[in-house]
Structure formats: C-alpha cells, structure tokens
Enquirer: 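What follows is a single structure, and I will ask about it in a moment.
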Amino acid sequence: MDLTSGYGVEFPRVSLFAIREGYESRMIEITLTGTGSPMVDPNRAGPSTLLAAGEQTFLVDCGRGVLMRAAAVGVSATNLTALLLTHLHSDHITDLSDVITTRWINSFGPAPLPIIGPPGTKAVVDATLAALAPDISYRIGHHADITAPPEIVVHEYTQGQVWDNGGVRITVAPTDHRPVEPTIAFRIDYDGASVVLAGDTVPCVTLDELATGANALVHTVIRKDLVALVPTQRLKDILDYHSSVEQAAATAARAGVDTLILTHYVPPLASGQEDQWRALAAGEFNGRVELGDDLLRVSVG
Ligand SMILES: [Zn+2]
Ligand SMILES: [Zn+2]
C-alpha cells in the first residue's frame, strides 16, 4: 500500500536513513511538511516544517496532515526531539493531538515531548490532554505496558535562547501577527548553519534582528495582490497581519540571508505559477528563492 498517494500527489518514499545518505552532518536540512493554509487543499498539508540538525529533529508547527507528510520522509512522531510552535492559530496546531497521541502509543519507554511555544501554549496543551482523557484512559486500561498519560514538557518563551543541546541552539524573538499575540519566530543554529522560521507575521524589527546573517529564512506568505481582489471581507481581513511575498523578500534582504523559502501560500500556489511568485520576491531580494509543493527539501550550511 502506498501511503503517500492519499493527497493526489505522488511523493518519493524515502526513509530517514536514505535522507541521511550523503547527508553532511554540518548542515541543517529543511523539509516543508505542509505548505497549505486554513484553505483546505487536497495537495497541501497544513503549515509545518521539519528541521534535521545533527541527530536532532524539530517540527515547527503541526498543521493538518503533518504526520502523513513526515511519514513520507521517514520521520515519525517518536523521532521528534521537540515540537516548536510559532503561535496558537488553529491552522498551525490542528494536529497537536495527533502528534501527542501518536508519539505516546508508539513509544516503548519514557518519551517526554518538549513543546516550545509562546505564552498560552501550556493552556492549549492542557486542554488538548483534557480532550484526550477518554482515549488516554482506554489505552491505559487496555495495554498493560502503558501506565501513564503522554508526558509533555511545555516551555513558554517570547525571546532569548531557549535550547542549547548537542550543538543545536534555538533562539526565539517576538513577531507581529496582531491581534494574535504573543507570536514568535525561531532561529536554529547548528555547527555554523542557521535557519530562521518566521511563522505568520508582518515585517518587524525583532524578526529582522533574529534573521540577521542566517543561511535561510522560512517565511509564510500571502499574495496580497490576489487576496485584495476577492470580494469577501473575511478573506480581506487577513491582509493586515500577514506578509506579502514582497514583504517577506524585503525582510530576507534586510537580514542578509542567503536563501528565502516561501510557504503557507494563500491562495494555494498553483502549478505553473511558481515563476510569478518568484518574480515578486526577486523584486526585493537578490538571493536564492525556494518555493514549491509539500516535501520540498532545502539543505543549508
Ligand atoms: Zn496565524
Ligand atoms: Zn497561518
């Protein structure tokens, strides 16, 4: 059975070990596990990005379908070193319960999951665990070797260094997605390589500072030129708290990054229109611009 064809798009089935073949340990490997948005799209999972740095694997946000996409590249919930959340908008956390339970029931032995997010994360995790209470009691009751509920260790931050382990450093800074707040961006540094994940934000000084000199910036974007044409106020509402392609590119230019990776496309990036999106970015940024479908992979370092 080919589990990767369910979205109507064929993806190569590769194992984690295959990915690591020829993998240079000094690099950070970025995989867009979901390039979609709240708009349901049969070909795009919800917002999430997988980062491999040395022996550590981080998932940033966990939108719709994330574990199916991660499975396509040989990564399961049990492989995650930590889950990082940029903010608590539903499209970025729809599959939080899936990540928590799938890790729990597939782990044999202690498997605490660190979750790093903005203030408010602990309340959301606690509420998710409360919603899972019946399932948790069924499984503890049924499996002799499952004796405790999922162990989640939540860390809430808005700025500063939040992780320093095995050569991987993670730093967060506040972003501006108001009225959604607090929201944060993450910077991962590993052996000279660095990646910044902006999440949903309009341009802001704190993001510029966090991204300064990074190898790559992963930025969510909307096409403001297209969204502005839609005669629905509720959709137009999103214009004021997201970056356009041009704004994300300008952020990349100010920060001096080498590579800009676009994701969370609104409207969904249609096949054949990549050059149009690229041209909008190129007007503001001279570096490399990457965009595409779910499972696009970029290595930096
Ligand atoms: Zn958002
Ligand atoms: Zn979003």
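We count ligands from 1, going down the list as the structure has it; atoms in each ligand are counted the same way. On a predicted model such as this, the values are computed, not experimentally measured, just so you know.
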Enquirer: Determine, stepwise, if the pair H264 / D91 fulfils side chain to side chain donor-acceptor pair (under 3.5 Å).
Expert: CA-CA 10 Å; H264 188 288; D91 53 318; 3.3 Å; yes

Enquirer: Quick one: do D164 and R169 make a salt bridge, cutoff under 4.0 Å?
Expert: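 No, this pair does not count.
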
Enquirer: Return the name of the atom in D200, of element N, O or S, nearest to the Zn ion (ligand 1).
Expert: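 Closest N, O or S atom of D200 to the Zn ion (ligand 1): OD2.
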
Enquirer: Could you please compute the angle at the Zn ion (ligand 2) from NE2 of H92 to OD2 of D91, rounded to 10°?
Expert: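 Approximately 90° at the metal, rounded to tens of degrees.
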
Enquirer: Is H89 close enough to the Zn ion (ligand 2) that one of its N, O or S atoms comes in under 2.8 Å?
Expert: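 Of the N, O and S atoms in H89, none lies under 2.8 Å from the Zn ion (ligand 2), which means no.
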
Enquirer: For H89 and Y241, I'd like to know if the aromatic rings sit close, meaning centre-to-centre distance below 6.0 Å.
Expert: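 That pair passes the under 6.0 Å test.
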
Enquirer: Taking the N/O/S atoms of H264 one by one, which is nearest to the Zn ion (ligand 2)?
Expert: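 Relative to the Zn ion (ligand 2), the closest nitrogen, oxygen or sulfur of H264 carries the name NE2.
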
Enquirer: Look at the rings of H92 and H87 and say which category their plane angle falls in: under 30° parallel, 30 to 60° tilted, over 60° perpendicular.
Expert: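 Answer is tilted, since the angle falls between 30° and 60°.
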
